[in-house]
Amino acid sequence: MKIVSIINYKGGVGKTTVTANVAGELANRGYNVLMIDLDPQASLTFSFVTPDYWKDELANERTIKSWFRPAKKNLGLKFEELIITPEAVESYVSGKLDLIASHLELINVDLELATQLGGANMHQAKTKFLEVHRKLLNGIHELDPDLYDIILIDCPPNFNIVTKNALLASDFILIPAKPDYLSTMGIDYLNSSVNKLVKDYNEYCQIEDEEETPPIDPKIAGVVFTMVQVYDGQPISSIRPYIAQTKRSNVVFDEYIRENKTLFSEAPLIGVPVILQNVKTAQQHIVSEMTAFIDEFEAKVLI
Ligand SMILES: Nc1ncnc2c1ncn2[C@@H]1O[C@H](COP(=O)(O)OP(=O)(O)OP(=O)(O)O)[C@@H](O)[C@H]1O
Ligand SMILES: [Mg+2]
């Protein structure tokens, strides 16, 4: 089972769209896939289930918010109980395509977790840090390791405790970015924040038995450019410098995701990612390009 966080500090760069399409295509290829929505905006959730279904069936007890509550309130809750199989997309895939939904109040959970940090001495502070930052990892470890081939975690555009939970549980980190100044600017900072977090975590783990908590080493799978404007088979000239500059200090996927507002904005209404839809002939190149990116991703992460 491989665990991948999809993250960029920058909002609106295509994280959720990439998560939904990678998950859909891998499930179409026969993999068993679990998506976890860690963003309080719940865009990934609402790309697969309707707001009514969320309100009636999930909001109360069946979202990731329940998992991050203090342990006392969660007595007996199993991580597996949070998993749902969205219906609209089920018939499009041969593998499993499951989801753990998010909750709009997840933002409060982050603040609550922050109040649990600290302690009277260094040892206590480290213990608390591990407890608060390992909630998601503990949940994932509860699952039967054969249940899923891959877990894709859609992160919010921040570096809060819930996001750190995702990174510390991950084998790989996938960074979607728009080829513009602001979206690419944060990538180096993200890399160094991840390195510092992993370093701190591994150091704090030394207070525990090494066999039970081995050091972690999440790898950057790479940067995938999204919403790329193309002319004559190439990214337009104004964005090429940002792609070239990012390649100088990062692993960048060869394939990119092209811009098409209509196609991508309508997918959540249908509950089926673009890559699984029967799109018009004129749009098929967009799907082929995404498929090629997922070939690259699959080779890196799953094969
Ligand atoms: N390749 C694309 N071409 C055109 N529009 C796109 C593309 N990918 C995503 N979009 C649109 O851009 C908007 C933002 O995309 P998305 O929600 O995937 O980004 P995000 O990084 O997850 O955002 P947030 O930081 O808010 O979570 C959405 O309206 C989506 O439909
Ligand atoms: Mg998102």
Side-chain angles (χ1 to χ4, degrees), residues 2-29 31 33 35 44 149-155 157 166-167 170-195 217-260 263-264 267 273-276 283-303:
K2 292 287 169 21
I3 302 162
V4 183
S5 281
I6 294 87
I7 182 166
N8 189 327
Y9 281 130
K10 184 83 177 66
V13 294
K15 297 179 288 298
T16 301
T17 305
V18 167
T19 309
N21 283 281
V22 171
E25 175 61 15
L26 291 177
N28 183 35
R29 294 180 187 187
Y31 289 103
V33 183
M35 303 175 280
L44 184 70
D149 300 300
I150 184 161
I151 300 182
L152 296 165
I153 310 174
D154 184 24
C155 294
L167 295 169
S170 293
D171 301 301
F172 289 97
I173 293 163
L174 173 62
I175 309 173
K178 277 205 289 199
D180 63 27
Y181 177 62
L182 292 174
S183 308
T184 51
M185 188 172 75
I187 297 176
D188 287 343
Y189 188 57
L190 174 67
N191 280 325
S192 61
S193 306
V194 171
N195 288 340
D217 185 19
K219 303 259 183 304
I220 304 285
V223 176
V224 56
F225 281 107
T226 63
M227 304 184 209
V228 176
Q229 291 168 277
V230 178
Y231 181 74
D232 223 2
Q234 276 211 68
I236 57 169
S237 60
S238 63
I239 63 177
R240 270 183 255 151
Y242 298 111
I243 298 180
Q245 192 194 347
T246 307
K247 281 185 175 166
R248 266 182 238 130
S249 49
N250 295 278
V251 182
V252 175
F253 284 90
D254 291 332
E255 305 293 336
Y256 50 75
I257 298 170
R258 197 186 280 242
E259 177 173 72
N260 187 304
L263 196 55
F264 285 97
V274 167
I275 202 153
L276 298 177
Q283 296 168 329
Q284 273 164 6
H285 60 284
I286 300 172
V287 171
S288 315
E289 285 165 1
M290 256 198 302
T291 309
F293 155 64
I294 296 166
D295 289 343
E296 251 188 300
F297 177 85
E298 183 188 9
K300 218 176 238 187
V301 169
L302 283 161
I303 299 176

Considering all heavy atoms, the nearest [X]-[Y] contact:
X    : Y    : result
G186 : Y9   : O-CD1, 4.0 Å
Y189 : S192 : O-OG, 3.0 Å
P176 : K15  : CG-CA, 3.8 Å
I153 : A166 : CG2-CB, 3.8 Å
N260 : I286 : ND2-CD1, 3.3 Å
L263 : V274 : O-CG2, 3.5 Å

Between [atom1] of [X] and [atom2] of [Y], what distance do you get to the nearest 0.5 Å?
X    : Y    : atom1 : atom2 : answer
Y31  : K2   : OH    : NZ    : 9.5 Å
T19  : L44  : OG1   : CG    : 6.0 Å
F264 : T16  : CZ    : OG1   : 13.0 Å
I7   : I173 : CD1   : CD1   : 7.0 Å
I175 : S183 : CD1   : OG    : 12.5 Å
T246 : I187 : OG1   : CD1   : 4.5 Å

Q.
What I want to find out is whether K247 reaches D254 closely enough, with some N-O distance under 4.0 Å, to be called a salt bridge.
A. no
Q: Decide, yes or no, whether a salt bridge links E296 with K300 under the criterion of side-chain N to carboxylate O below 4.0 Å.
A: no
**Q.** Pair T17-T226, side-chain contact (heavy atoms from CB on, under 4.5 Å): steps then yes or no
**A.** CA-CA 9 Å; T17 305; T226 63; over 6 Å; no
Contact check, side chains of [X] and [Y], non-hydrogen atoms, under 4.5 Å:
X    : Y    : result
K10  : K178 : no
L174 : V301 : no
P179 : V228 : yes
F293 : N21  : no

Q.
Pair I220, V251 - check side-chain contact (heavy atoms from CB on, under 4.5 Å), show working.
A. CA-CA 8 Å; I220 304 285; V251 182; 5.5 Å; no
**Q.** Option passing side chain to side chain contact (heavy atoms under 4.5 Å, CB included) with F225 (candidates V13, I239, T184, I257)
**A.**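 One option only clears the test, and that one is T184.
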Q. Only one of V18, I3, V22 clears side chain to side chain contact (heavy atoms under 4.5 Å, CB included) with L152; which?
A.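 When V18, I3, V22 are each tested with L152, the side chain to side chain contact (heavy atoms under 4.5 Å, CB included) holds only for V22.
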Q: Go through the steps for M290 and E25 under the test side-chain contact (heavy atoms from CB on, under 4.5 Å), then give the verdict.
A: CA-CA 9 Å; M290 256 198 302; E25 175 61 15; over 6 Å; no
